[in-house]
Amino acid sequence: MKNSLTLGKIAGIKIFMHWTFPVIILWIIVSSASRGLNTGQIIWSVVFTLSLFVCVVLHELGHALAARRYHIQTKDILLLPIGGIARLERMPDKPVQELIVALAGPAVNLLIVLILHVFVNLAKMPSDISEITYINADNFLLSLSVLNLWLAIFNLIPAFPMDGGRVLRALLSLKFSRAFATRIAARLGQAVAIFFIFIGFFYNPFLVFIGLFVFFGAMAESEYVQVQSALKNMTVRDITMKNVPLLNRKDTLGKAIETLLNGQAKKFLVMDGDKPFGILGKTGIIEALQRHSQEDFVEVATDRNPGYIDAAEPIENALLMMQNYRYPMLIVTRDDELYGLADMENIKEFIEILNAAASPATGRETDQSPL
């Protein structure tokens, strides 16, 4: 993953650490030293922080393994300074399944709390959290237990996109449509985010970053689910570009430029005889000109690994392929024959047309939900 360091794999899932993560460790060392802590105390603080993020990884693994139960894979887990993200291929559509996946993460934190308290009691360690001024060997397990409890509670705040927001959406989806349930959870999430940002300006700047993350995360999820709802029962055939300009792999970049400038098309299907060779877009042509001459063949700039999808597939599957595998566009087939191309821009245009066609001015019914 770009801008990230690979830490390894757990249960077949890659774990990444964002490049900004070490900033936290540096900040802990500097702030601890400024408070007059000795070297041993600073080391315990760093170890405690690393242990906390191990718990964050376990939290995200809880989500990932619960999703795997419903045949949903996890692309990877990314550690950020504000926490972790398990990038699932998708969330379950069934409310009960989403409820289980959402609760799996906080459940892991609560299990950690239980296990740590057993060790605290067996070792007869101090159990008064109010007496802790800095982390050391005596209060390490108790402090880690308390923070895991707070992690579980914080994640269960009913505000999307946190786990509690997903729980709220799952519960609302038992009675309302998924799109309406998402809109409610997202709006509540944005309200909570604004509260975090406001409080953060006065008390803790860290809350500002969390608030921004929650606000834009809620907005993105709401928009994505609205798109899913608009495209329900639609197939890739509906958004396929059939009149796609063709280039041969042995055509020159000069010909590609001429074709680009003489028409409206910005994307081309590159052929090898009567078979697709790959795809080529405006960006690919421009980047190729920085390394090659106009006399070179377009094959040097062609994306040789495009995604393929059948025209009868749901549009949602095309969306997932483009998001999960970062395909700029897909080659569409029908009965194993070339049918055309599909890309995100065409999907967006199709949605705009659907929204315009469903507007009140046409006399058709629009969303009848209370909000």
Heavy-atom side-chain contact between Val244 and Tyr339 under 4.5 Å = no

Residues Leu207 and Gly200: closest non-hydrogen pair is CB-CA, 3.8 Å

Query - Donor-acceptor contact below 3.5 Å, side chain Ser177 vs main chain Ser173 - result: no

Ala152 backbone acceptor or donor facing Asn155 side chain under 3.5 Å:
no

Problem set entry | Same apolar cluster (I L V M F W Y, side chains within < 4.5 Å links), Leu280/Ile331 | no

Rounded to the nearest 0.5 angstrom, the CG-CD1 distance for Leu319 and Ile239 is 8.0 Å

Rounded to the nearest 0.5 angstrom, the CD1-CD1 distance for Ile199 and Ile197 is 11.5 Å

- Item | Backbone N/O of Val101 and side chain of His63: donor-acceptor pair under 3.5 Å | yes

task = Verify, without hydrogens or angle tests, whether Thr252 (side chain) and Lys255 (backbone) share a donor-acceptor contact under 3.5 angstrom.
result = yes

Treat each ILVMFWY residue as a node, draw an edge where side-chain heavy atoms are under 4.5 Å apart, and state whether Val96 and Leu168 are in one component.
no

Tightest non-hydrogen contact, residues Leu79 and Phe53, listed as CD2-CD2, 3.9 Å

Q: Report the C-alpha separation of Glu299 and Lys250 in whole Å, then their side-chain angles, then the decisive distance to 0.1 Å, and conclude whether the salt bridge (charged side-chain N to carboxylate O under 4.0 Å, His left out) test is met.
A: CA-CA 7 Å; Glu299 63 183 8; Lys250 295 302 182 182; 3.1 Å; yes

List the steps and the verdict of side chain to side chain contact (heavy atoms under 4.5 Å, CB included) for Ser293 and Asp296.
CA-CA 6 Å; Ser293 75; Asp296 286 325; 3.7 Å; yes

Heavy-atom nearest pair, Ala312 first then Thr235, reads O-CG2, 3.7 Å

* Within-4.5 Å side-chain heavy-atom neighbours: Leu144 and Cys55 -> yes

* Does a side-chain heavy-atom distance below 4.5 Å link Phe297 with Arg249? -> no

Contacts satisfying side chain to side chain donor-acceptor pair (under 3.5 Å) that involve residues 302-314 (not counting sequence neighbours) are Glu313-Asn317

Check step by step if side chain to side chain contact (heavy atoms under 4.5 Å, CB included) holds for Leu78 and Arg87. CA-CA 8 Å; Leu78 175 63; Arg87 297 201 306 151; 5.7 Å; no

- prompt: Between Leu338 and Leu247, is there a shared hydrophobic cluster once you connect ILVMFWY residues whose side-chain heavy atoms come closer than 4.5 Å?
  reply: no

- Message: When you compare the side chain of Glu60 with that of Val108, does any pair of heavy atoms fall below 4.5 Å?
- Response: no

Closest non-hydrogen contact found for Ala66 with Tyr70 is O-CD1, 3.4 Å

Can you tell me if Asn346 uses its side chain to pair, donor with acceptor, with the backbone of Asp343 under 3.5 Å? no

Tell me whether Asn121 contacts the main-chain N or O of His117 through its side chain, where contact means a donor paired with an acceptor under 3.5 Å.
yes

Within a strict 4.5 Å, meaning less than it, do heavy atoms of the Leu320 and Arg90 side chains meet? yes

- [ ] Look at the side-chain heavy atoms of Ile, Leu, Val, Met, Phe, Trp and Tyr, link any pair under 4.5 Å apart, and say whether Val47 and Val57 land in one connected group.
- [x] yes

Which of Arg169, Arg166, Glu221 passes side chain to side chain donor-acceptor pair (under 3.5 Å) with Thr182? Answer is Arg169

- Within the distance-only criterion (no hydrogens, no angle test), does the side chain of Ser31 pair as donor or acceptor with the backbone N or O of Ile28 below 3.5 angstrom? yes

More than 12 foreign heavy atoms under 6.0 Å from NZ of Lys242: is that the case here?
yes

Value for OG1 (Thr240) from CG (Leu341), rounded to nearest 0.5 Å, stands at 8.5 Å

Asp163 and His59 side chains, donor-acceptor separation under 3.5 Å: yes

Worked verdict on Arg68 versus Glu89 for salt bridge (charged side-chain N to carboxylate O under 4.0 Å, His left out): CA-CA 10 Å; Arg68 184 178 291 180; Glu89 287 182 339; over 6 Å; no

Counting N and O atoms only, with roles assigned by atom type, does the side chain of Asn38 sit under 3.5 Å from a partner on the main chain of Gln41, one being a donor and the other an acceptor? yes

Q.
For a side chain to side chain contact (heavy atoms under 4.5 Å, CB included) check, start with the C-alpha distance between Leu58 and Leu111, then their side-chain angles and the critical distance, and finish with the verdict.
A. CA-CA 11 Å; Leu58 294 176; Leu111 179 60; over 6 Å; no

dist Asp251:CG -> Phe268:CZ (nearest 0.5 Å) comes out at 11.0 Å

So CG of Leu114 and CZ of Phe119: to nearest 0.5 Å the spacing works out to 11.0 Å

Here the pair of heavy atoms bringing Leu65 nearest to Ala11 is CD2-CB, 4.1 Å

Side-chain touch Val46/Ile29, heavy atoms, less than 4.5 angstrom:
yes

message = I'd like to know if Glu345 and Lys267 make a salt bridge, using a cut-off of under 4.0 Å between side-chain N and carboxylate O.
response = yes

Grouping I, L, V, M, F, W and Y whenever their side-chain heavy atoms are under 4.5 Å apart, do Leu269 and Ile347 come out in a common cluster?
no

Does some side-chain heavy atom of Arg183 sit less than 4.5 Å from a side-chain heavy atom of Val225?
no

Are the side chain of Ser145 and the backbone of Leu141 linked by a donor-acceptor contact shorter than 3.5 Å?
no

Kindly indicate, with the supporting measurements, whether the criterion side chain to side chain contact (heavy atoms under 4.5 Å, CB included) is fulfilled by Phe215 and Ile194.
CA-CA 7 Å; Phe215 186 91; Ile194 292 172; 4.3 Å; yes

Taking the inter-plane angle between the rings of Phe48 and Phe140 on a 0 to 90° scale, is it parallel (under 30°), tilted (30 to 60°) or perpendicular (over 60°)?
perpendicular

Checklist entry - Are any of the side-chain heavy atoms of Leu88 and Lys75 separated by less than 4.5 Å? => result no

Per side-chain contact (heavy atoms from CB on, under 4.5 Å), Phe196 is matched among Val208, Asn204, Ile157, Leu212 by Ile157

